[in-house]
> 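Supplied in structure tokens, the structure appears directly below.
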Amino acid sequence: MTKRHVRHTARTLRDTRTARSAGLLAVAAVAALSLTACQTGGDDGAAGARTKVSASAPASEAGGNGASAQTVARSEAPTGDRTTAPAAAGGTTTTSGTASKSGTASKAVAAPIRTVTLVDGSKAEVYRVGTQRYQAKIVNNGDLLATLDTKKGDDGIDANGMYVVLTMGGEVRSWMGGEHQGPGTFTLAGGWKAKVTKVGELHYRAQIIGREGAVEATMDANQHDTGLDANAVYIVLSAGGVISSHA
């Protein structure tokens with residue numbers, strides 16, 4: 001084979017390899033363009049599906065993948081949107097910790113249902129605290145002197161010679177004078193009689209006797225004074241054995 005023929009054959013082989021390489025590169029470029037177009041189209045379709053679902057469209061409009069699109073839409077929603085969104089109508093609204101504390105703030109002091117001026121000028125503030133239960137706070141110049149309570153029945157007090165009765169109906173009566181020192185039997189206002197006996201230290205008992213001689217009531221002053229409304233005759237028995245009445 002001559003040198004000229006060899007050079008021609010080598011050149012032909014190189015040209016063949018070059019043409020083959022160019023063809024392969026063209027095929028690769030076309031494949032890359034096709035792949036890019038497919039990915040772009042897929043992303044656009046997915047975005048469209050998510051947009052439709054987030055707008056509350058029916059699942060069938062998301063191209064048959066409604067369930068998957070809804071899952072994606074929920075997972076991509078910010079957490080803060082769920083916690084700060086207003087409650088739906090008829091729903092329960094949860095208050096913050098501060099609001100809860102303010103909701104449990106101490107109750108305001110109830111106002112008295114009436115205020116009665118007593119015979120010595122002091123005041124009795126009457127409060128309703130239950131069924132047939134009242135309290136009377138005796139105050140003078142803003143100072144609380146005593147509290148009467150009808151939890152166990154009528155109540156009363158000997159306040160240094162001023163006698164006060166609080167009835168189970170919430171009425172307040174006060175007076176001065178008419179006292180008797182027990183033990184003994186004494187005539188009271190309204191025709192009642194009282195038989196006062198000493199039971200112990202600062203403990204006296206009084207039997208309230210009616211016109212026919214029957215015992216109609218018993219008062220027991222054990223360590224504290226007590227009072228009684230005996231058919232509009234008001235009686236106080238002190239723990240020191242002093243008894244007084246007023247009609």
Side-chain angles (χ1 to χ4, degrees), residues 107 109-247:
K107 295 181 180 179
V109 177
I113 61 172
R114 72 177 66 89
T115 299
V116 180
T117 300
L118 305 180
V119 293
D120 70 345
S122 58
K123 307 287 185 181
E125 299 176 348
V126 182
Y127 299 82
R128 185 195 304 272
V129 295
T131 303
Q132 288 191 328
R133 183 180 174 188
Y134 295 85
Q135 288 182 347
K137 296 182 179 181
I138 301 175
V139 296
N140 188 27
N141 294 326
D143 296 328
L144 178 61
L145 305 180
T147 300
L148 303 180
D149 194 324
T150 62
K151 181 178 181 180
K152 297 181 179 180
D154 301 332
D155 200 5
I157 188 173
D158 174 2
N160 295 325
M162 178 184 70
Y163 303 95
V164 184
V165 168
L166 173 66
T167 72
M168 293 188 66
E171 299 297 324
V172 175
R173 295 291 185 270
S174 66
W175 69 93
M176 290 183 175
E179 55 269 278
H180 305 278
Q181 177 63 58
T185 299
F186 312 100
T187 299
L188 305 179
W192 295 96
K193 291 185 180 291
K195 182 180 180 180
V196 180
T197 57
K198 183 175 182 178
V199 180
E201 187 67 23
L202 294 178
H203 187 184
Y204 282 80
R205 185 172 294 136
Q207 292 179 324
I208 307 302
I209 304 169
R211 295 181 182 274
E212 297 180 358
V215 176
E216 302 292 343
T218 299
M219 304 176 67
D220 193 77
N222 186 3
Q223 307 298 316
H224 60 81
D225 304 343
T226 187
L228 178 66
D229 174 6
N231 295 331
V233 174
Y234 304 97
I235 307 169
V236 169
L237 173 67
S238 75
V242 174
I243 192 168
S244 179
S245 62
H246 178 74

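This chain uses plain numbering: 1 for the first residue, then up along the sequence.
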> Would you list the atom pairs, donor with acceptor, under 3.5 Å between side chains in residues 239-247 and any protein atom, with sequence neighbours excluded?
from: Ser244; atom 1: OG; to: Trp175; atom 2: NE1; distance (Å): 2.9
from: Ser244; atom 1: OG; to: Gly177; atom 2: O; distance (Å): 2.7
from: Ser245; atom 1: OG; to: Ala189; atom 2: N; distance (Å): 3.0

> From Leu237 CG over to Met219 CE, what is the distance, rounded to the nearest 0.5 angstrom?
5.0 Å
> Between Gln223 (side chain) and Glu201 (backbone), is there a donor-acceptor pair under 3.5 Å?
yes
> Within a strict 4.5 Å, meaning less than it, do heavy atoms of the Thr167 and Tyr234 side chains meet?
yes
> Which residues pass the salt bridge (charged side-chain N to carboxylate O under 4.0 Å, His left out) test with Arg114, not counting sequence neighbours?
none
> Measuring from Ile138:CD1 to Met162:CE, what's the distance to the nearest 0.5 Å?
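Between atom CD1 of Ile138 and atom CE of Met162 there are 5.5 Å.
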> With a 4.5 Å heavy-atom cut-off, do Ser238 and Glu179 have their side chains touching?
no
> Ignoring hydrogens and geometry, is there a side-chain-to-backbone donor-acceptor pair from Asn140 to Asp143 under 3.5 Å?
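Side chain of Asn140 to backbone of Asp143, a donor-acceptor pair under 3.5 Å: no, none is there.
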> Walk me through whether Tyr163 and Met176 qualify under side chain to side chain contact (heavy atoms under 4.5 Å, CB included).
CA-CA 6 Å; Tyr163 303 95; Met176 290 183 175; 5.7 Å; no
> Please test Ile208 against Leu188 for side chain to side chain contact (heavy atoms under 4.5 Å, CB included), starting from the C-alpha separation and ending with a verdict.
CA-CA 9 Å; Ile208 307 302; Leu188 305 179; 4.3 Å; yes
> Of all heavy-atom pairs between Thr150 and Gln132, which one has the smallest distance, and what is that distance?
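Nearest pair, atom of Thr150 first, then Gln132: OG1-O, 3.5 Å.
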> Let me confirm one number: the NZ-OG1 distance from Lys137 to Thr147, rounded to the nearest 0.5 Å.
6.0 Å
> Would Lys193 and Phe186 count as a cation-pi pair here, with the cationic atom under 6.0 angstrom from the ring centre and within 45° of the axis?
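The answer is no, since Lys193 fails at least one limit relative to Phe186.
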> Check whether any side-chain N or O of Asp155 sits under 3.5 Å from a backbone N or O of Leu166 as a donor-acceptor pair, and report yes or no.
no
> With the side chain counted from C-beta on, respond yes when Val196 and Thr185 share a heavy-atom pair under 4.5 Å apart, and no when they do not.
no
> Show me the pairs that pass salt bridge (charged side-chain N to carboxylate O under 4.0 Å, His left out) and involve residues 215-226, at least two apart or across chains.
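Residue pairs passing salt bridge (charged side-chain N to carboxylate O under 4.0 Å, His left out), neighbours aside: Arg205-Asp220.
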> Not counting sequence neighbours, list each pair that qualifies as a salt bridge (charged side-chain N to carboxylate O under 4.0 Å, His left out) and has a residue in residues 117-126.
none
> Distance only, no hydrogens: is a donor on one side chain within 3.5 Å (strictly under) of an acceptor on the other, for Tyr134 and Glu171?
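The criterion, which ignores hydrogens and geometry beyond distance, is not satisfied for Glu171 and Tyr134.
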> In a check of side-chain contact (heavy atoms from CB on, under 4.5 Å) between Asp154 and each of Leu148, Leu228, Ile235, Val236, which one passes?
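By the side-chain contact (heavy atoms from CB on, under 4.5 Å) criterion, Asp154 pairs with just one of Leu148, Leu228, Ile235, Val236: Leu228.
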> Do Val199 and Tyr204 make a side-chain contact, defined as non-hydrogen atoms from C-beta onward lying under 4.5 Å apart?
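They are not in contact (no side-chain heavy atoms under 4.5 Å apart), so the answer is no.
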> For Gln181, I'd like to know if atom CD has over 12 heavy atoms of other residues, nucleotides or ligands within 6.0 Å.
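Enclosed: over 12 neighbouring heavy atoms sit under 6.0 Å from CD of Gln181.
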> I'd like to check the salt bridge (charged side-chain N to carboxylate O under 4.0 Å, His left out) partners of Asp149; sequence neighbours left out, ordered by chain and number.
Arg133
> Please enumerate all residues that pass side chain to side chain donor-acceptor pair (under 3.5 Å) together with Arg173, with sequence neighbours excluded.
none
> How about Leu118 and Val164: do any of their side-chain heavy atoms sit closer than 4.5 Å?
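Touching, per the 4.5 Å side-chain cut-off.
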